[in-house]
Undergrad: 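I have a structure I would like to understand better, so I am pasting it below and will then ask my questions one at a time.
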Amino acid sequence: MSPRHACIVGWPVAHSRSPLIHGHWLKKYAIAGSYTRRAVAPGEEVAFFGRLREEGFVGCNVTIPHKGAALAAAHASTESARAVGVANTLWLEGDRLWADNTDGAGFLQHLRATVPTFAPAASAVAVLGAGGGARGVIHGLLQAGGREVRLFNRTRDRADAVARHFAGGVKAYNWQERADRSRDVGLLINATSLGMQGAPALEMPLAQLDARCIVADLVYVPLETPLLAAARARDLAAVDGLGMLLHQAVPGFKRWFGVTPEVTDELRAIIVANIEGG
Ligand SMILES: NC(=O)c1ccc[n+]([C@@H]2O[C@H](COP(=O)([O-])OP(=O)(O)OC[C@H]3O[C@@H](n4cnc5c(N)ncnc54)[C@H](OP(=O)(O)O)[C@@H]3O)[C@@H](O)[C@H]2O)c1
């Protein structure tokens with residue numbers, strides 16, 4: 001087979017760890033091909049997605065701020081991409097550009113690998129944040145049988161819009177209610193950008209949580225966010241954002257290069273070293 005090429009498209013894109021992940025798999029499975037970064041300025045993304053093949057690519061990952069445009073530019077999309085409303089994975093089938101969103105499935109795979117006893121339908125879930133990451137995770141939880149998601153967002157309108165979008169399973173609350181209304185949840189998820197390196201800290205008390213509550217963070221730089229450190233200090237199960245990043249990458253690699261890659265401790269150690277090395 002002739003070499004195949006994929007990339008990650010974003011603006012900026014220099015910080016992305018995706019080339020490390022896919023580069024590791026290309027080497028591990030001895031596949032002739034490449035996975036590179038493409039910085040595409042806002043306003044140029046639709047044209048770029050339209051000439052993906054001419055650019056030499058069989059597909060790409062998409063990151064901020066082009067995830068919405070990626071879905072709009074595709075000719076066909078998976079149910080996940082449509083439900084989440086943004087796409088993070090594109091691939092060509094003949095002349096047709098397909099879009100998928102793999103965040104929700106990636107989140108759940110890592111959650112189940114970390115806490116095998118997690119039962120989505122057993123209790124309510126609290127989600128902080130109402131952006132693309134939050135919508136991906138909510139979709140994954142509802143697909144897995146989750147019945148009640150309590151959504152807290154600084155901008156209430158955005159939480160209301162997400163609740164309407166996922167009619168039924170999601171209830172929106174004010175940001176200030178996040179502590180009071182999370183006393184009985186089985187899973188608390190930070191899907192805001194708070195706690196990220198360079199961003200303000202997330203203010204979220206954990207003392208009120210049930211002793212069996214799992215605490216997850218989508219943020220993966222730093223790897224151990226203040227929220228996860230506080231959860232561990234309270235003896236709660238903690239699920240980091242890096243595992244989600246690794247698992248969400250699997251379907252794209254399979255589409256572009258024809259092999260289902262494995263998320264291993266070795267791969268994780270490579271990305272951890274990169275994050276810790278700055
Ligand atoms: N691990 C992974 O694979 C993975 C995948 C996707 C995303 N992520 C991470 O998840 C986080 C969110 O990503 P996204 O794509 O969903 O971003 P996004 O669409 O920009 O949403 C950002 C969210 O953070 C909230 N927020 C920002 N500043 C805030 C503040 N000062 N106080 C309260 N809330 C604040 C926003 O609230 P407003 O609506 O009020 O602005 C919004 O809900 C990022 O850290 C991203 O790296 C990780």
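Indexing begins at 1, ligand by ligand and atom by atom, following the structure's order. These figures come from a predicted structure and were not determined experimentally.
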Undergrad: Sequence neighbours left out, what passes salt bridge (charged side-chain N to carboxylate O under 4.0 Å, His left out) with Arg147? Give chain and number order.
TA: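 None.
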Undergrad: Measure the spacing between CH2 of Trp91 and CG of Asp100 and express it to the nearest 0.5 Å.
TA: 4.5 Å
Undergrad: For atom CZ of Arg183, is the number of surrounding heavy atoms from other residues, nucleotides or ligands below 6.0 Å larger than 12?
TA: yes
Undergrad: Rounded at 0.5 Å granularity, tell me how far CG in Asp240 sits from CD1 in Ile275.
TA: 8.5 Å
Undergrad: For ligand 1, what is the set of protein residues having any non-hydrogen atom at a distance below 4.0 Å?
TA: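 Close residues (ligand 1, cut-off 4.0 Å): Ile64, Asp103, Gly129, Ala130, Gly131, Gly132, Gly133, Asn153, Arg154, Thr155, Arg158, Trp175, Ala191, Thr192, Ser193, Leu194, Met196, Leu218, Val219, Tyr220, Gly241, Met244, Leu245.
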Undergrad: Taking only residues two or more places apart in sequence or in another chain, which ones pass salt bridge (charged side-chain N to carboxylate O under 4.0 Å, His left out) with Glu177?
TA: Arg181
Undergrad: Could you give the side-chain donor-acceptor pairs of residues 30-37 under 3.5 Å, partners two or more places apart or in another chain?
TA:
{"unit_1": "Ser34", "atom_1": "OG", "unit_2": "His5", "atom_2": "ND1", "d": "2.6"}
{"unit_1": "Tyr35", "atom_1": "OH", "unit_2": "Asn61", "atom_2": "OD1", "d": "2.7"}
{"unit_1": "Arg37", "atom_1": "NE", "unit_2": "Val13", "atom_2": "O", "d": "3.2"}
{"unit_1": "Arg37", "atom_1": "NE", "unit_2": "Ala14", "atom_2": "O", "d": "3.3"}
{"unit_1": "Arg37", "atom_1": "NH2", "unit_2": "Ser16", "atom_2": "O", "d": "2.7"}

